[in-house]
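Every chain is numbered from 1 and lettered A, B, ... according to where its sequence line falls, protein lines coming before strand lines.
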There are 2 protein chains.
Amino acid sequence: MSPMPTESAIAEKRQQILQGAMEIFLHQGYEGTSMDRVATAAGVSKITIYKHFADKEGLFTALIEQIAEQRFNRVLGGIYLEKEPEEVLRHIATQILQLIASDEQYVAFFRLIMGESGRFPELAQLFVRALPQRAWKVLGNYFATHPKLDIANPEATARIFTGTVISYAITQYILHGEQIAPMPSDVLIENLVHLIVNQSSS
Amino acid sequence: MSPMPTESAIAEKRQQILQGAMEIFLHQGYEGTSMDRVATAAGVSKITIYKHFADKEGLFTALIEQIAEQRFNRVLGGIYLEKEPEEVLRHIATQILQLIASDEQYVAFFRLIMGESGRFPELAQLFVRALPQRAWKVLGNYFATHPKLDIANPEATARIFTGTVISYAITQYILHGEQIAPMPSDVLIENLVHLIVNQSSS
DNA sequence: GGTATGAACTATACCGTATAGTATAGCTAT
DNA sequence: ATAGCTATACTATACGGTATAGTTCATACC
């Protein structure tokens with residue numbers, strides 16, 4: 001019979017290509033990335049890439065899909081909602097900001113998704129579903145059900161919370177605002193948490 | 001003597017080039033833009049572009065500088081802080097969101113700045129200075145001085161306010177989240193304004 | 001164990017097109 | 001007369017994608 005390579009071997013090559021593609025796409029953008037450079041970075045022949053992916057666009061979308069899936073698990077995967085609301089919220093915000101600040105690939109991924117969202121609207125929506133929308137659901141549910149909180153609109157409050165945190169990350173880390181417009185992250189977080197936890201229900 | 005063109009004529013040509021550059025750069029990105037297409041769009045010979053700008057990068061930075069300057073005046077230029085805080089804040093947030101939602105060029109500009117912020121960090125910082133930083137200053141000052149407001153940290157509160165609004169715009173309009181994660185803007189704004197105005201100072 | 005098989009790979013060259021930037025020559029309006 | 005323009009052609013390089021020819025290696029059979 002025809003000798004078959006193990007399925008895992010095929011999957012490994014595919015992973016290897018995606019790994020090389022990540023290095024280049026994340027830092028050079030879609031148009032700035034050449035298939036030759038991806039091939040070199042992946043340690044793979046260019047034609048092998050075209051055996052695994054239809055074309056440059058297919059490789060790019062596969063890459064974004066994988067990153068969007070992988071990254072979510074790291075942000076909200078290990079969140080515990082057991083303690084006092086004040087501590088829970090402070091912990092979530094701190095964790096998100098630390099993750100972004102310490103992971104250059106994360107920042108590059110945001111830049112790529114935003115920059116290409118005009119030409120790849122479906123990928124942008126995939127990203128929204130994979131990250132912010134999940135965060136809104138987890139937080140919205142938390143706000144709605146926690147006995148100590150009396151929050152008028154849990155969904156809107158979830159958007160305020162995540163929006164504040166993400167906007168901070170964008171201006172400070174993505175747009176290099178750290179030096180020109182400094183603000184300690186814990187000051188922002190304290191004020192944000194205080195605002196939400198001590199919400200008056202007039 | 002040598003016939004001299006009026007200074008305004010030179011400035012007009014420069015404007016004409018920048019106008020053409022805007023059409024292409026905003027929608028095709030930096031790498032996706034060719035100088036030939038810019039020349040055609042501007043109705044100008046390619047060599048004329050190089051008489052006015054050193055190279056592609058110089059044209060690009062000049063374009064971003066101009067847009068960053070122009071656009072600020074439209075957002076916060078005509079803001080009045082005279083009425084009740086609740087109404088003032090609601091008006092500012094509504095105005096920002098309406099402007100972004102109705103102006104495709106604005107959205108394209110955001111995408112461009114974010115996408116190229118890795119390769120053009122100085123331009124990203126220019127943007128931060130021209131838009132969010134000015135907004136933080138105006139709002140922070142308003143929060144600090146308004147007699148009816150008792151806000152613990154005006155600067156942090158200004159970041160919460162603008163961060164919520166901008167993040168909403170990003171997920172809904174830039175990342176095409178409108179259909180997949182709808183939320184009426186006035187619901188968000190009402191909750192945000194209420195949170196800030198009725199802040200308890202415990 | 002040895003050997004043939006065939007899928008997946010590599011290296012390299014190639015095609016047609018497009019790029020950033022320059023050179024040349026001629027036009028236009030003051 | 002001349003500064004500033006246009007049109008066109010050019011150089012050298014790079015692109016996405018394909019073609020060719022040869023290599024590796026797990027399997028199937030003897």
Side-chain angles (χ1 to χ4, degrees), chain A residues 1-64 112 115-116 119-120 123, chain B residues 1-64 112 115-116 119-120 123:
Chain A
M1 287 301 291
S2 52
M4 292 269 291
T6 50
E7 286 174 36
S8 64
I10 293 178
E12 274 172 31
K13 259 292 187 265
R14 193 185 149 94
Q15 248 345 95
Q16 187 182 342
I17 295 169
L18 285 171
Q19 187 59 40
M22 184 150 66
E23 286 176 34
I24 312 301
F25 274 114
L26 279 189
H27 295 100
Q28 309 296 327
Y30 181 77
E31 294 283 354
T33 293
S34 82
M35 296 300 268
D36 280 300
R37 291 194 63 182
V38 171
T40 303
V44 144
S45 174
K46 187 164 68 163
I47 214 168
T48 301
I49 299 179
Y50 284 97
K51 288 271 157 63
H52 286 261
F53 302 94
D55 51 18
K56 187 181 180 181
E57 202 171 309
L59 172 62
F60 180 68
T61 57
L63 175 68
I64 298 300
L112 188 59
E116 304 298 342
R119 269 149 295 175
F120 295 92
L123 287 186
Chain B
M1 290 297 291
S2 52
M4 291 270 292
T6 49
E7 285 174 36
S8 65
I10 293 177
E12 274 173 31
K13 260 284 187 272
R14 193 187 149 93
Q15 254 334 103
Q16 187 182 340
I17 294 168
L18 285 170
Q19 187 59 41
M22 183 149 67
E23 288 176 33
I24 313 300
F25 274 114
L26 279 190
H27 295 100
Q28 310 296 326
Y30 182 78
E31 294 284 354
T33 293
S34 82
M35 298 298 269
D36 280 299
R37 289 196 63 182
V38 171
T40 304
V44 142
S45 174
K46 187 165 66 161
I47 213 168
T48 301
I49 299 179
Y50 285 96
K51 289 270 157 63
H52 287 260
F53 302 93
D55 49 17
K56 187 181 179 181
E57 202 171 309
L59 172 62
F60 181 67
T61 57
L63 175 68
I64 298 300
L112 188 59
E116 305 298 342
R119 270 149 293 174
F120 296 93
L123 287 185

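Sorted by first then second residue, the salt bridge (Lys or Arg N to Asp or Glu O under 4.0 Å) pairs that include residues 37-53 of chain B, not counting sequence neighbours, are B/D36-B/K46. Applying the salt bridge (Lys or Arg N to Asp or Glu O under 4.0 Å) rule to pairs touching residues 17-31 of chain B yields nothing, sequence neighbours excluded.
If you measure from atom CD1 of B/I49 to atom C1' of D/dA7, you get 14 Å, rounded to the nearest angstrom. To the nearest angstrom, P of D/dA3 lies 18 Å from NZ of B/K13. We find that NE2 of A/H52 is positioned 15 Å from P of C/dA7, with the value rounded to whole Å.
With sequence neighbours left out, B/Q19 forms a side chain to side chain contact (heavy atoms under 4.5 Å, CB included) with B/M22. With sequence neighbours excluded, no residue forms a side-chain hydrogen bond (donor to acceptor under 3.5 Å, both in side chains) with B/E57. For the ring pair (Phe, Tyr, Trp, His ring centres under 6.0 Å) test, residues two or more places apart in sequence or in another chain that qualify with A/F120 are A/Y30, A/F60.
Using a distance-only test at 3.5 Å, with no hydrogens or angles considered, no donor-acceptor pair links the side chain of A/K13 to the main chain of A/V44.
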Legend entry - Reading 5' to 3' through nucleotides 19-28 of chain C, protein heavy-atom contacts under 4.0 Å coded B for base, S for sugar-phosphate only, - for none: SSBBBB----
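At D/dT6, one or more side-chain N or O atoms of B/T48 fall inside 4.0 Å of OP1 or OP2 (strictly under the cut-off).
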